[in-house]
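Working notes, beginning with the structure itself.
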Amino acid sequence: MTETTITAPGGRTPTALRSWLGVSAITASLFVFLTTELMPVGLLTPMSTSLGISVGAAGLMVTLYGVSAGLGVPFIVAWTRRVDRRVLLSTLLATLTLGNVITSVSPDYPLILTTRLVMGFASGVFWAIGVSMAMRLVAQRHASRAAAIVMSGISVAAVVGIPLGTVLESLDGWRTTFLIWAGLSALVFVAVVAVIPSLPSTNAVSVREVFGLPLRNARLRLVLIAVVLFVLGHFGAYTYVRPYLEQSAAATPLFVTLVLMLYGAGGAAGNFAAGFTVTRNPRGGFIAGCAGLVASLLLLLLTIGHGPGGSIVTLIVWGVSFGVVQLSQITMTQAAAPGTFEAAMSLNTMAYNTSIALGALFGGLFVDHLGVTSVVWYGLALTAASLLLVLGTRPKPARAEHEGEVTQTPAA
C-alpha cells in the first residue's frame, strides 16, 4: 500500500478550503482545454469561409487536435511518471495559452493545424491526469464528488464556452475568440500555480505496462471499446450540428448559439443527476445515457427535428444524455482499474480523443460526399452499437491483484 502525502508550497498541509479551490482550478482547466478543442465546432462556417477551405476541411481542426491528444497521451503520461502533477499541469496550460495566441494571429490554415497538433498533446495529458489529481486533493470519501465537479466543466464549456465563442465571433471575428481564450487559459494557469499543492506522481506506470492493461483486464477492454463506438458516433454528428441545423431548420447563428447553450444546460443536468447514482451503477448510467442519445438522434432526423421547437427539444435530450454518459464512462474506467487509474485514464483518453478525431474525419467525409443528413445517421449507428455492446455483455469485476494495484490515500 502506498500512501500519498500532499503538501502545499512551503511544506504546509493544504486546508480543506485550499483542496476544494484546487478542484475548482482543475475544473477551470478542463473548461479551457475542452472549449479550445471544440471551439471550431461552433465556428466551422466562418472559419472555413475566412480561410478559403471547405466545411469538411475545417473539421480537420478538430480531427488533428484529437489525433495528437489521443495517440500521444499514454507515452507522455508514462514518460512523465516522475514529474510532479502540479508542475505538469502548469506546463500544459502554458502550452495551451501560447497555442491559442498563435491560432488567433495565424496567417494561414497549415499553421493553425500544426499549432492545434501541439495543443492536442497537452490536452490529452490533461485528460489523463486531471480527474485523478482532483480526487487526490480531497478526503477519500469526497473523491467521487471531486470527480463529478471536474466533469461538470464539460457542461460549463458547452453552456458557456462554445456558445460564447460563437457570439464573440459574430461580434468581432473568430480570431478575437481565440485571443480571448488565450487570456482565459493564462488566468487558469495562475490559479493552478497559486492553489494546487505539490502532487507527486503515485501510480503512473511504464509504457509497456500501460498498453498491457487492456490485454489482461477484460472489464477495462470492454469499457474502451464502448467508449470508442460512442465517441465516434457522438462527435461525428455533433461536430457538424451547426451545418445540419442551418440546412434542416434554417437556423441562424443566434439560434445555433441558443441551442448549443441549451445542449450544454442539458449536459449539466445530466452530469448532476449522474453524480448521485453513477458510483452505485455506472454501467446502468452509461446504458441510460446512450439510449437517450440514440433517441435524440432519431428525433433530430424525423420531422420534429426540422423546426426550431423540435431542434431545441432534441438538443436538450442529447445534452442530458451526453452528461450522463460522460461521468458514467469515467467511473466505469476507475472501477475497471482502481489501482492503475491514471494509466487506465491515459488509455481512455487515447481511445476518446482518437475517436473524436476519427469521428470528425468520417463525419466530414459523409458531409462532403453524401450530405449533412448522412452524418446524423452515421452517429446514430455508432452510438446504437455502443449501447448494444454494453447491454449484451456483463464482464467480471476487475481484480486488483491482477493489475498490480497500488492504493493511495488522498489528503484531507
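Just so you know, these numbers come straight off a predicted model, no measurement behind them.
- Taking the six-membered ring for Trp and the full ring otherwise, the centers of Phe322 and Tyr238 sit at least 6.0 Å from each other.
- The shortest heavy-atom contact between Val101 and Ala182 is CG2-CB, 3.5 Å.
- Across Val118, Thr97, Thr114, Thr115, a single residue satisfies side-chain contact (heavy atoms from CB on, under 4.5 Å) together with Ile102, and that is Thr115.
- The side-chain heavy atoms of Leu224 and Arg221, taken from C-beta on, include no pair separated by under 4.5 Å.
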- prompt: When you look at Leu300 and Trp318, which way does the side-chain contact (heavy atoms from CB on, under 4.5 Å) test go after all the steps?
  reply: CA-CA 10 Å; Leu300 199 63; Trp318 189 343; 4.0 Å; yes
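- Across Phe126 and Leu92, no two heavy atoms sit closer than the pair N-CD1, 3.6 Å.
- One distance of note links CG of Leu380 with CG of Leu298; it measures 4.5 Å at 0.5 Å rounding.
- With sequence neighbours excluded, the residues satisfying side chain to side chain donor-acceptor pair (under 3.5 Å) with Thr333 are Asn348.
- Within the 4.5 Å cutoff, the side chain of Ser106 has heavy atoms near those of the Asp108 side chain.
- Taking the six-membered ring where the residue is Trp, Tyr352 and Trp127 present parallel rings, their angle staying beneath 30° rather than reaching 60°.
- Atom OG1 of Thr314 sits about 12.0 Å away from atom OH of Tyr263, to the nearest 0.5 Å.
- Arg116 places no side-chain N or O within donor-acceptor distance of the main-chain N or O of Thr103, the cut-off being under 3.5 Å.
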field: side-chain contact (heavy atoms from CB on, under 4.5 Å) between Ser29 and Leu89, intermediate numbers included
entry: CA-CA 9 Å; Ser29 300; Leu89 178 55; 4.2 Å; yes
message: Walk me through whether Leu179 and Arg175 qualify under side-chain contact (heavy atoms from CB on, under 4.5 Å).
response: CA-CA 6 Å; Leu179 187 61; Arg175 295 184 184 276; over 6 Å; no
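- Under the 3.5 Å distance criterion, the side-chain polar atoms of Asn100 are left unmatched by any main-chain donor or acceptor of Ser185.
- Note that CE of Met135 is 11.0 Å distant from CG of Leu137, once rounded to the nearest 0.5 Å.
- The CG atom of Leu391 sits 6.5 Å away from atom CZ of Arg283, with the distance rounded to the nearest 0.5 Å.
- Looking at Phe33 and Leu96, their side chains come closer than 4.5 Å, going by heavy atoms from C-beta outward.
- Under the 4.5 Å side-chain criterion, counting only non-hydrogen atoms from C-beta, Tyr378 is in contact with Leu232.
- Classification of the Phe230-His234 ring pair by plane angle, with boundaries at 30° and 60°, yields parallel.
- Between Val317 and Gly292, the shortest heavy-atom distance links the atoms CG1-O, 3.8 Å.
- Under the 3.5 Å distance criterion, the side-chain polar atoms of Arg86 are left unmatched by any main-chain donor or acceptor of Leu199.
- One finds the CD1 atom of Ile180 at 7.5 Å from the CG atom of Leu184 (value rounded to the nearest 0.5 Å).
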field: Candidate pair Leu347 and Met350, rule side-chain contact (heavy atoms from CB on, under 4.5 Å), full reasoning
entry: CA-CA 5 Å; Leu347 292 172; Met350 180 180 71; 4.0 Å; yes
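- When every heavy atom of Ser328 is checked against every heavy atom of Gly285, the shortest pair comes out as OG-C, 3.4 Å.
- Of the residues Leu229, Val223, Ile225, the one that meets the side-chain contact (heavy atoms from CB on, under 4.5 Å) test with Val227 is Val223.
- Looking at Ile330 and Met345, their side chains come closer than 4.5 Å, going by heavy atoms from C-beta outward.
- Of all heavy-atom pairs between Ser68 and Leu117, the closest is OG-O, 2.7 Å.
- Considering all non-hydrogen atoms of both residues, Ala25 and Val195 come closest at CB-CG2, 3.9 Å.
- Put simply, the side chain of Thr35 gets close to the backbone of Val32: a donor and an acceptor are under 3.5 Å apart.
- Without hydrogens or angle criteria, Ser386 side chain to Leu382 main chain gives no donor-acceptor distance under 3.5 Å.
- In this structure, OG on Ser132 lies 9.0 Å from CD1 on Ile26, to the nearest 0.5 angstrom.
- Taking 4.5 Å as the limit, every side-chain heavy atom of Thr36 sits out of range of all side-chain heavy atoms of Ser123.
- Annotation: side chain of Leu113 is in contact with side chain of Tyr109 (closest heavy-atom distance under 4.5 Å).
- Side-chain atoms of Ser19 do not come within 3.5 Å of backbone N or O of Val138 as any donor-acceptor pair.
- No side-chain donor-acceptor contact under 3.5 Å links Arg85 to the backbone of Met133.
- Using a 4.5 Å cut-off on side-chain heavy atoms (C-beta onward), Leu315 and Leu262 make no contact.
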